[in-house]
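Written out below as structure tokens is the structure these notes cover.
For the single chain, residues carry numbers from 1 onward in sequence order. Computed from heavy atoms alone, side chains included, the values below leave out hydrogens, waters and symmetry copies.
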Amino acid sequence: MPSAKAKPTEPRSRDADRSQLAILLAARDEFAQHGLGGARVDRIAERADVNKRLIYYYFTSKDELFLAVLENAYADIREAETQLHLRDMPPAQAIQRLTQFTWEYYLAHPEFLTLLNSENLHQGRHLAMSGRVRDMNSPLIQTLAEILERGRSEGLFRGGIDPIQLYVSIAGMAYFYLSNNHTLSAIFGRDLMTPKAHHERLSHMCDVILGYVLRN
């Protein structure tokens with residue numbers, strides 16, 4: 001039977017979880033808006049409605065907090081990808097669905113792109129220290145490899161496709177377009193962020209990716 005002293009542990013744990021979540025959400029918005037260099041812990045504390053000292057209690061530095069935000073951002077997209085149940089789909093449908101999902105997720109979560117932009121400015125040094133991110137990315141690549149092999153064995157896909165290279169191509173086509181839409185719109189004199197332009201881009205991405213993996 002638990003002692004009377006042990007009873008407050010669960011409520012305190014829930015309070016700690018809520019505080020950390022509030023800090024991470026506030027930090028995500030701050031880093032997405034200002035980047036790592038421009039972000040201020042004072043503003044994060046204000047956004048989260050917590051004492052600044054509490055942030056340093058849970059996260060010893062701004063860099064550690066930034067890494068935690070990045071890890072959570074990757075955890076969110078990887079979790080959303082598992083809900084697609086790609087293994088249950090025919091191979092070509094699975095590849096197209098992943099392409100569609102990636103585009104739609106990036107559109108719905110612009111903060112994810114700005115966080116990646118900031119980390120790339122810092123040469124990926126935070127993510128390089130994260131075993132958690134590597135671990136959570138491995139299942140996606142394994143799933144993609146299995147889909148590619150299934151498509152190859154069924155005579156639908158050509159062989160020798162590197163699943164990492166394929167995923168980088170899928171993500172890159174969406175990421176570059178959205179991250180650079182202002183400059184691209186300016187130099188080509190076309191608004192690339194209209195619903196029509198979005199539809200055309202997604203259609204182009206699916207055509208390119210499926211055209212690459214399918215046998216002629």
Side-chain angles (χ1 to χ4, degrees), residues 2-84 98 101-141 143 167-168 171-172 174-182 193:
S3 67
K5 290 183 179 180
K7 290 181 180 179
T9 302
E10 187 177 347
R12 281 202 300 269
S13 177
R14 286 199 300 266
D15 288 343
D17 289 344
R18 282 194 292 266
S19 295
Q20 289 184 63
L21 179 59
I23 291 167
L24 286 169
L25 291 175
R28 179 200 65 188
D29 293 343
E30 177 72 10
F31 289 130
Q33 184 176 354
H34 300 285
L36 175 59
R40 296 292 177 264
V41 175
D42 286 330
R43 287 198 297 259
I44 294 171
E46 185 177 351
R47 285 175 184 260
D49 194 25
V50 299
N51 190 293
K52 181 179 176 180
R53 289 193 298 273
L54 191 63
I55 295 178
Y56 286 113
Y57 174 78
Y58 291 125
F59 308 95
T60 58
S61 67
K62 189 170 75 167
D63 285 282
E64 183 178 318
L65 177 56
F66 183 59
L67 174 56
V69 168
L70 288 171
E71 289 176 335
N72 271 22
Y74 272 103
D76 287 343
I77 188 172
R78 296 290 91 95
E79 172 59 27
E81 284 163 346
T82 65
Q83 301 306 311
L84 301 176
L98 178 61
F101 166 83
T102 303
W103 169 255
E104 291 163 358
Y105 191 92
Y106 287 4
L107 268 178
H109 298 274
E111 76 284 352
F112 182 62
L113 304 187
T114 54
L115 289 170
L116 296 188
N117 288 341
S118 184
E119 175 64 350
N120 276 297
L121 285 174
H122 291 83
Q123 301 179 323
R125 63 183 175 87
H126 301 86
L127 289 176
M129 298 184 294
S130 175
R132 181 187 173 201
V133 166
R134 285 189 292 276
D135 289 343
M136 70 177 74
N137 279 321
S138 295
L140 170 67
I141 298 304
T143 296
Y167 183 75
V168 169
Y175 180 89
F176 182 86
Y177 183 99
L178 295 173
S179 291
N180 295 275
N181 77 83
H182 297 295
M193 295 302 285

Note to self: Apply side chain to side chain contact (heavy atoms under 4.5 Å, CB included) to residues Phe59 and Leu54 and explain how you reach the verdict.
What the structure shows: CA-CA 8 Å; Phe59 308 95; Leu54 191 63; over 6 Å; no
Next item on the list: May I ask you to check whether Phe112 and Tyr74 place their ring centres under 6.0 Å from each other?
Entry: yes
Item checked: Spacing of OG1 belonging to Thr114 relative to CD belonging to Glu111, to within rounding of 0.5 Å -> 6.5 Å
Notebook entry, point to check: How about Ser130 and Leu67: do any of their side-chain heavy atoms sit closer than 4.5 Å?
Noted result: yes
Next item on the list: Kindly indicate, with the supporting measurements, whether the criterion side chain to side chain contact (heavy atoms under 4.5 Å, CB included) is fulfilled by Asn72 and Arg28.
Entry: CA-CA 9 Å; Asn72 271 22; Arg28 179 200 65 188; over 6 Å; no
Next item on the list: Take Leu24 and Leu65, measure what side chain to side chain contact (heavy atoms under 4.5 Å, CB included) needs, and give me the verdict at the end.
Entry: CA-CA 8 Å; Leu24 286 169; Leu65 177 56; 4.1 Å; yes
Next item on the list: Of all the heavy-atom pairs spanning Ala22 and Ala48, show the shortest one and how long it is.
Entry: O-CB, 3.6 Å
Check: Below 4.5 Å, heavy atoms only, C-beta onward: do Leu107 and Leu178 meet side chain to side chain?
Finding: yes
Note to self: Checking the side chain of Glu119 only, and the main-chain atoms of His126 only, is there a donor and an acceptor separated by less than 3.5 Å?
What the structure shows: yes
Item checked: side chain to side chain donor-acceptor pair (under 3.5 Å) between Asn137 and Tyr167, intermediate numbers included -> CA-CA 11 Å; Asn137 279 321; Tyr167 183 75; over 6 Å; no
Margin query: Quick check: closest heavy atoms across Tyr105 and Ala73, and the distance to 0.1 Å?
Written below: OH-O, 4.4 Å
Next item on the list: Name all pairs fulfilling the side-chain hydrogen bond (donor to acceptor under 3.5 Å, both in side chains) condition that reach into residues 53-62, sequence neighbours left out, sorted by first residue then second.
Entry: Thr60-Glu64
Margin query: Test your reading of the model: is there a side-chain donor-acceptor pair from Arg43 to the backbone of Ala26, 3.5 Å cut-off?
Written below: no
Check: Is the side chain of Asn181 donor-acceptor paired with the backbone N or O of Tyr177 at a distance under 3.5 Å, no angle test?
Finding: no
Notebook entry, point to check: Rounded to the nearest 0.5 Å, how far apart are NZ of Lys52 and CD1 of Ile44?
Noted result: 10.0 Å
Next item on the list: Decide yes or no on side chain to side chain contact (heavy atoms under 4.5 Å, CB included) for Leu25 and Leu21, but give the supporting numbers first.
Entry: CA-CA 6 Å; Leu25 291 175; Leu21 179 59; 4.1 Å; yes
Check: About how many Å separate CG of Leu121 and CG of Leu116, when rounded to the nearest 0.5 Å?
Finding: 11.0 Å
Notebook entry, point to check: For the atom pair CE (Met129) and CZ (Arg134), what is the distance rounded to the nearest 0.5 Å?
Noted result: 10.5 Å
Notebook entry, point to check: To the nearest 0.5 Å, how far apart are OG1 in Thr102 and CD1 in Ile77?
Noted result: 6.0 Å
Margin query: Quick check: closest heavy atoms across Asn120 and Tyr175, and the distance to 0.1 Å?
Written below: ND2-OH, 4.0 Å
Notebook entry, point to check: Between Arg47 and Glu30, does a salt bridge (charged side-chain N to carboxylate O under 4.0 Å, His left out) hold up when you go through it step by step?
Noted result: CA-CA 8 Å; Arg47 285 175 184 260; Glu30 177 72 10; 3.1 Å; yes
Next item on the list: Answer yes or no: are there more than 12 heavy-atom neighbours, outside Asp49 itself, under 6.0 Å from its atom CG?
Entry: no
Margin query: Just checking Gln83: does its CD atom have more than 12 heavy atoms from other residues, nucleotides or ligands closer to it than 6.0 angstrom?
Written below: yes
Margin query: Please check: side-chain N/O of Ser179 versus main-chain N/O of Phe176, any donor-acceptor pairing under 3.5 Å?
Written below: no
Next item on the list: May I ask you to decide if Leu115's main-chain N or O and Ser118's side chain share a donor-acceptor pair within less than 3.5 Å?
Entry: no
Notebook entry, point to check: Can you tell me how far the CD atom of Glu71 sits from the CZ atom of Arg132, to the nearest 0.5 Å?
Noted result: 5.0 Å
Next item on the list: Kindly give the heavy-atom pair with the smallest separation between Gly37 and His122, and that separation in Å.
Entry: N-CE1, 4.4 Å
